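Just below is one structure, and these are the notes that go with it.
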Amino acid sequence: MLSIQNLVKVYPSGVTALRGLDLEVPRGMFGLLGPNGAGKSTLMKILAGLLEPTSGELRLGDIDLVRQPERLRPHLGYLPQEFGFYPYLTGEQMLLYLLRLKGVSAPRGLKHLCAELLERVNLTFAAKRKVKEYSGGMRQRLGIAQAIAGNPRLLIVDEPTAGLDPEERLRFYRLLAEMADERVVLLSTHIVEDVAMLCPRFAAVRQGRLVAITSPTEAKAALQGTIYEGTVTLAGLAELQRTRRVTQGVLFEGRHRVRLHEPGGDVPPGFERVPPTLEDAYLLLMQGVAPTAAPPERAREVAP
Ligand code: ADP
């Protein structure tokens, strides 16, 4: 269990990135979902021991991360947002180098461990290829290989799927899901689909504060019977944005497909009730809206 209490971070520039965060993260995958600038990377760097918090308490089991950060090191795996690779090394050479830096103990030798890790992340076929020839997804998998070396109790992955194509993303999801069986995995992302696919629970963060701790199922259920979809012109969209709670407006075949949160059910002509998505819930939370439930008979309706 990772426990975070009243965590505050004020950068020397005066920017307050974390405004008193409280969070208990159990074993398994946990998402930290928020837009750019919400404070996710700041939290990740503090947990990884790369930044000092201004105040607050952090514990992983019996380890006090603020007072004894060196005790965490052997139990920590970290895949930062910007992972530096040496492009002219092969995947195997790069991983060996990172394992030496990390000081991982390898009773059967580092080369053996390296081969095992490459196998685990499905990169054996590319062990002898230069990292510069790797796709984005292969680089991220190599990043995970170094992060899980030493079998850490806490694995932190910061925005790992940004820039991956859909197929690479799916493959990466499978790998991350496997990693969450026996440890705490904290996944930071601004991509709602990452959370929908992977996280039984997640925290939504906005401007350095937690705005919700929930599950994808709970977050959608809270909106049951309150989301309506219709198609409007650009002028119609502007009008709705002024007068209604718009969760999403996307271009579809040259017109604007709009989703509204309307608990009372009083919607413009042509709008139809639709099942809520996690994206609806997230976008409402980011607008600072605690979703209002529909009347009980509509809230109980089962989504088609
Ligand atoms: P996220 O990872 O959610 O995008 P960050 O933790 O990177 O958010 O940033 C949170 C806030 O802290 C932003 O306002 C950002 O500009 C600021 N910030 C991040 N790093 C620094 C830094 N090294 N110095 C000053 N401000 C920073």
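In each ligand, atom 1 is the first atom listed, and ligand 1 is the first ligand listed. Note: hydrogens, waters and symmetry copies are ignored here, and every other heavy atom, side chains too, is used. This is a predicted model, so every value here is computed, not measured.
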*Under 3.5 Å, side chain of D22 to main-chain N/O of N6, donor-acceptor pair present?*
yes
*Contact list for residues 135-157, test side chain to side chain donor-acceptor pair (under 3.5 Å), sequence neighbours left out*: S135-E168, N151-R183
_Quick check: Y86 with Y88 (ring centres under 6.0 Å apart)?_
no
Side-chain donor/acceptor pairs under 3.5 Å, residues 121-130, sequence neighbours excluded:
residue, atom, partner, partner atom, Å
T124, OG1, E119, N, 3.4
T124, OG1, E119, OE1, 2.8
K128, NZ, E92, OE1, 2.8

*Answer yes or no on whether K9 is positioned over the face of Y11, meaning its NZ or CZ is under 6.0 Å from the six-membered ring centre and within 45° of the axis.*
yes
Solution key, residues 54-64 side-chain donor-acceptor pairs under 3.5 Å, sequence neighbours excluded:
residue, atom, partner, partner atom, Å
T54, OG1, V10, N, 2.8
E57, OE1, R67, NH1, 3.4
E57, OE2, R67, NH2, 3.3
R59, NH2, D62, O, 3.4
D64, OD1, V66, N, 3.0
D64, OD1, R67, N, 3.0
D64, OD2, R67, NH1, 2.6

*List, ordered by chain and residue number, the protein residues whose closest non-hydrogen atom lies under 4.0 Å from any atom of ligand 1.*
Y11, S13, V15, A17, P35, N36, G37, A38, G39, K40, S41, T42
